[in-house]
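Let me give you the structure first, and then I'll get to my questions.
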Number of protein chains: 2
Amino acid sequence: MASQTISRRSSALCDVHVVHEDAVHGALRDQPDTESLTYLADTFQVLANPTRLQIVQALAGRELCVCDLAAVVDSSQSAVSHHLRQLRQMRIVRYRKEGRMAYYRLDDEHIAALVRIGLDHVCE
Amino acid sequence: MASQTISRRSSALCDVHVVHEDAVHGALRDQPDTESLTYLADTFQVLANPTRLQIVQALAGRELCVCDLAAVVDSSQSAVSHHLRQLRQMRIVRYRKEGRMAYYRLDDEHIAALVRIGLDHVCE
DNA sequence: CTCATATATGAATACCTGTTCATATGTGGA
DNA sequence: TCCACATATGAACAGGTATTCATATATGAG
C-alpha cells in the first residue's frame, strides 16, 4: 500500500495563474483532509484489479474459503492469498477461521455498493 | 489504460481443490463478464490517486478550468492535464471548450456517489 | 501576421504492482 | 509423532504508472 501522498507545496496559488478565484476557493473548502484522500486512493487501488474484483463479486453473495476463491477466479492459491491480504489491509474483506480453513466475506455493505455503482457507470 | 485482463485458463476447477462446490458454482454464475470487470478495474485505477481524487472532489460542486484545477490541487499544468486525460478516457469527467479555456465537470452522478461511498467506508 | 496564453501530449526516468516460486505456519488425522 | 492439507508470506522479475521537461496545438489580442 503506497499511494503517493499529496505534496502541498508552499507555492500553492502562485506558479499557476488562477482564473476564477471564487471557484478555486470553493473547491479548496470542499476538499476532504489529505489523510482520507490518500486512504481512499489506496482503497480504489486495491479494487483496481480484475482478479480482486472477481473475488469481491464472488464474496458479494456468500462466504468462501481460499481454495474455493482460487477456483472461482482461476488463479493459484498463492496469488489469491496475496490478493486477500491487500483486500484485508484495506478492510474490504474480513474472515473467520474454522479449523484450518479461512472463510472470507465482504467487510461491509459499502463495498458491494461501490462495485454495483461502478458497474452501473461502466454499463451506462 | 492497461489493466491486465483475466486469464481464464482451461484448467479452471482442476489445479486447486474445490471444497464447496455449490458455493463455487453460485459465485461463478454471479460473475459479470470479463470485459465489464476489466473496464471497472481501469476505472478504479484512475480513481486510485490522491491528486485525481482531489480533482474529482473539486469538480463535484462546480465546473473548473485547467489552470484553476492546477491551483486547487497544487500541481503543474502539465501534470493536471495528464490526469484529466485519464479521467476523460474513463468517462469520469467531461469538458466543454470556451475560447481557449476548457471547463471540466464530472461526467455523471455515479462518480460523485463512488467518492462519497468510498469516503463513508474510509471514515467508518 | 505575430505574440501571449490555455491546454495537450510524447518521451524518459524513478517508482510501484502482480505473479510465481519456494517455503513457512498452523491444524487435524492416523 | 508424523504427514497431509489450507493458508500465508518473502523475494524476485516483468511490466505498468506519475511526474517532469520539452514542445505542439489552438485561440484571441493587437
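Throughout, protein chains are lettered first and strands after them, A, B, ... in sequence-line order, and every chain is numbered starting at 1.
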In whole Å, what is the span from the CZ atom of A/F44 to the P atom of D/dT17? 17 Å
Look at the side chain of B/S75 against the base of D/dT19 and say whether a donor-acceptor pair falls under 3.5 Å; ignore hydrogens and angles. no
Euclidean distance, atom CG of residue A/D68 to atom P of D/dA6 [Å, nearest integer]: 10 Å
Pair listing, salt bridge (Lys or Arg N to Asp or Glu O under 4.0 Å) test, anchored in residues 49-66 of chain B, at least two apart: A/D30-B/R62, B/E63-B/R96, B/E63-B/R105
Within the structure, does a side-chain N or O atom of A/T51 lie under 4.0 Å from either OP1 or OP2 of C/dT19? yes
In whole Å, what is the span from the CD atom of A/Q86 to the P atom of C/dT17? 8 Å
Tell me, please, which residues at least two apart from B/S36 pass side-chain hydrogen bond (donor to acceptor under 3.5 Å, both in side chains). B/D33
Rounded to whole Å, please give me the gap between CD in B/Q89 and C1' in D/dG16. 15 Å
Distance check needed: C/dT7 C1' versus B/R94 CZ, whole Å only. 19 Å
Near-parallel close stack of B/H82 and D/dT19 base (under 5.5 Å, under 30°): no
Could you state whether B/V80 and A/L28 fall into the same hydrophobic cluster, counting links through intermediate Ile, Leu, Val, Met, Phe, Trp or Tyr residues with side-chain heavy atoms under 4.5 angstrom apart? yes
Does a side-chain N or O from B/N49 land closer than 4.0 Å to OP1 or OP2 of D/dT17, or not? no
Contact under 4.0 Å: B/Y104 side-chain N or O vs C/dA8 OP1/OP2: yes
Walking DNA chain C from its 5' end, the first of A/V19 and B/R85 to be reached, judged by nearest nucleotide, is A/V19
N/O to N/O distances under 3.5 Å, protein versus nucleotides 25-30 of chain C:
none

Applying ring-ring contact (aromatic ring centres under 6.0 Å, His included), can you list everything that pairs with A/Y103, at least two apart in sequence or on another chain? B/H20
Round to the nearest Å and state the distance from A/Q77 atom CD to C/dG18 atom C1'. 15 Å
Between A/V93 and the options A/V46, A/L106, A/D107, the side chain to side chain contact (heavy atoms under 4.5 Å, CB included) test singles out A/L106
Please determine whether a side-chain nitrogen or oxygen atom of B/H83 lies at a distance below 4.0 Å from atom OP1 or OP2 of D/dT19. yes
Does D/dT7 have OP1 or OP2 under 4.0 Å away from a side-chain N or O of A/S81? no
Closest to the A/Y95 side chain: D/dA8, C/dG18, C/dA8? D/dA8
Quick one: which of C/dA6, D/dA22, D/dT7 gets closest to the side chain of A/C65? D/dT7
In whole Å, I'd like the distance from the CG atom of A/D74 to the P atom of C/dT19. 12 Å
Only pairs under 3.5 Å count here: list side-chain donor-acceptor contacts from residues 113-124 of chain A, not counting sequence neighbours, and write none if there are none.
from: A/H121; atom 1: ND1; to: B/D108; atom 2: OD2; distance (Å): 3.1
from: A/H121; atom 1: NE2; to: B/M90; atom 2: O; distance (Å): 3.4
from: A/H121; atom 1: NE2; to: B/R91; atom 2: O; distance (Å): 3.3
from: A/E124; atom 1: OE2; to: B/R91; atom 2: NH2; distance (Å): 3.4

Name all residues meeting the side-chain hydrogen bond (donor to acceptor under 3.5 Å, both in side chains) criterion together with A/D22; count only those two or more places apart in sequence or in a different chain, and write none if there are none. none
Measure the distance from CG on A/L53 to P on C/dT17 and round it to the nearest whole Å. 16 Å
